Enquirer: 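Pasting a structure here, questions to come.
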Amino acid sequence: MSVIFVSDLHLDAKRPEIGKQFLAFLEHTAPAADVVYILGDLFESWVGDDDPQPEKYRVADALRKLSGGGTPCYFMCGNRDFLVGNDFAANAGLGLLEDEVVIEIHGQQVLLMHGDSLCTDDLEYQAFRKMVRDADWQHQFLALPLEKRLATAAEARRRSIAHNAEVPETIMDVSQQAVVEVLQKHGVATLLHGHTHRPAVHEFLLDGKPAKRIVLGDWYDQGSIVTWDQNGPRLEALPR
Ligand code: MN
């Protein structure tokens, strides 16, 4: 059994080289896995499944081909693409996951998250997250005309860039206390997430026992995947 994890591709028409590498990954690398998990921020932005961006349909076709070929693919939304809905998922053959899912790989329980909810020191971001993850807010937003949604998303992006430039690096990372709490809540010792763009394997003690936090990297300059087989998890960079 071999499982591949990716996150933080931030696919966008402005960065065609990422899309090209990801399509090659879906065609040549991913089919060797038994299952593929995309842990959020597959897309740079998402204002509704009705947004007619051709790049999205190329990715949907490639994802559908992957699952059609026998490698099921699951998607958990990130802080950029949290509005990905059932229409796109069905079109791409994706299984939609909630944030915080525990799966078992080779007898080991692993908690999967996007990771943004762990950045609890960034109070301004957490307030924004709470607002936009509310079902009523999403319903109202998705009812707006597409042009208005695109303009709102562009403005939110501008504000986010300004906010991130002001906030110290440590605040932008996950809080170790939040990591400990979420592992305790689920009764597991291994967490795998993305979001921070700080690929690493962190080992620490949780209630006196060894625990692990594996962080996927982004795809800005190269690919980043975790392959998990009988030999355990491997964090790898995929040269472009
Ligand atoms: Mn993210």
Side-chain angles (χ1 to χ4, degrees), residues 4-15 18-19 21-22 25 36-48 51 55-56 59 73-85 88-89 94 96-101 110-134 137-138 141 152-176 178-179 182 191-202 213-226 235 237:
I4 295 182
F5 300 90
V6 298
S7 71
D8 302 283
L9 291 105
H10 295 269
L11 296 177
D12 184 17
K14 289 186 196 117
R15 300 193 197 98
I18 303 179
Q21 185 177 13
F22 186 55
F25 161 82
V36 170
Y37 288 90
I38 303 169
L39 300 184
D41 288 357
L42 173 59
F43 298 103
E44 174 74 2
S45 79
W46 196 271
V47 297
D51 182 6
E55 297 78 27
K56 292 172 179 173
V59 173
C73 192
Y74 295 93
F75 171 80
M76 172 185 289
C77 68
N79 55 302
R80 300 292 187 81
D81 50 12
F82 59 87
L83 287 172
V84 165
F88 179 78
L94 290 172
L96 284 181
L97 299 176
E98 294 293 315
D99 206 341
E100 296 186 26
V101 167
V110 183
L111 173 62
L112 308 179
M113 300 177 72
H114 176 58
D116 58 320
S117 63
L118 298 167
C119 302
T120 50
D121 294 331
D122 189 346
L123 300 177
E124 193 177 326
Y125 172 68
Q126 293 303 330
F128 173 79
R129 185 180 195 276
K130 193 170 174 221
M131 176 181 81
V132 300
R133 295 303 179 95
D134 176 73
W137 185 92
Q138 293 193 358
F141 181 80
T152 305
E155 176 55 25
R157 186 71 202 116
R158 271 193 294 279
R159 266 194 248 128
S160 164
I161 290 169
H163 171 69
N164 293 355
E166 274 172 16
V167 172
E169 286 278 296
T170 50
I171 301 260
M172 303 286 296
D173 203 353
V174 303
S175 134
Q176 181 62 16
V179 168
V182 79
L191 170 62
L192 201 164
H193 70 84
H195 180 65
T196 59
H197 302 194
R198 300 175 192 203
V201 178
H202 301 274
R213 178 169 68 91
I214 304 165
V215 188
L216 285 155
D218 63 69
W219 282 53
Y220 287 142
D221 299 317
Q222 59 185 357
S224 177
I225 64 173
V226 166
L235 175 62

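Whatever order the structure lists ligands and atoms in, that order sets their numbers, starting from 1. Both backbone and side-chain heavy atoms feed into the values below; hydrogens, waters and symmetry mates do not. Note that this is a predicted model, so its numbers are computed, not measured.
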Enquirer: Among all residues two or more places apart in sequence or in another chain, which pass the ring-ring contact (aromatic ring centres under 6.0 Å, His included) test with Y125?
Expert: none

Enquirer: Tell me whether the NZ or CZ atom of K56 lies within the 45° cone about the ring axis of W46 and under 6.0 Å from its centre.
Expert: yes

Enquirer: Looking only at heavy atoms, what is the nearest atom pair of S7 and G194, with distance?
Expert: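 Taking every non-hydrogen atom into account, OG-CA, 3.5 Å.
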
Enquirer: Shortest non-hydrogen contact from S224 to L235?
Expert: OG-CD1, 4.0 Å

Enquirer: Near the Mn ion (ligand 1), meaning under 2.8 Å, how many protein N/O/S atoms are there?
Expert: 4

Enquirer: Once you round to the nearest 0.5 Å, how far does SG of C73 lie from CD1 of I38?
Expert: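 Those atoms lie 4.0 Å apart.
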
Enquirer: Do L191 and I214 touch side chain to side chain, with heavy atoms closer than 4.5 Å?
Expert: no

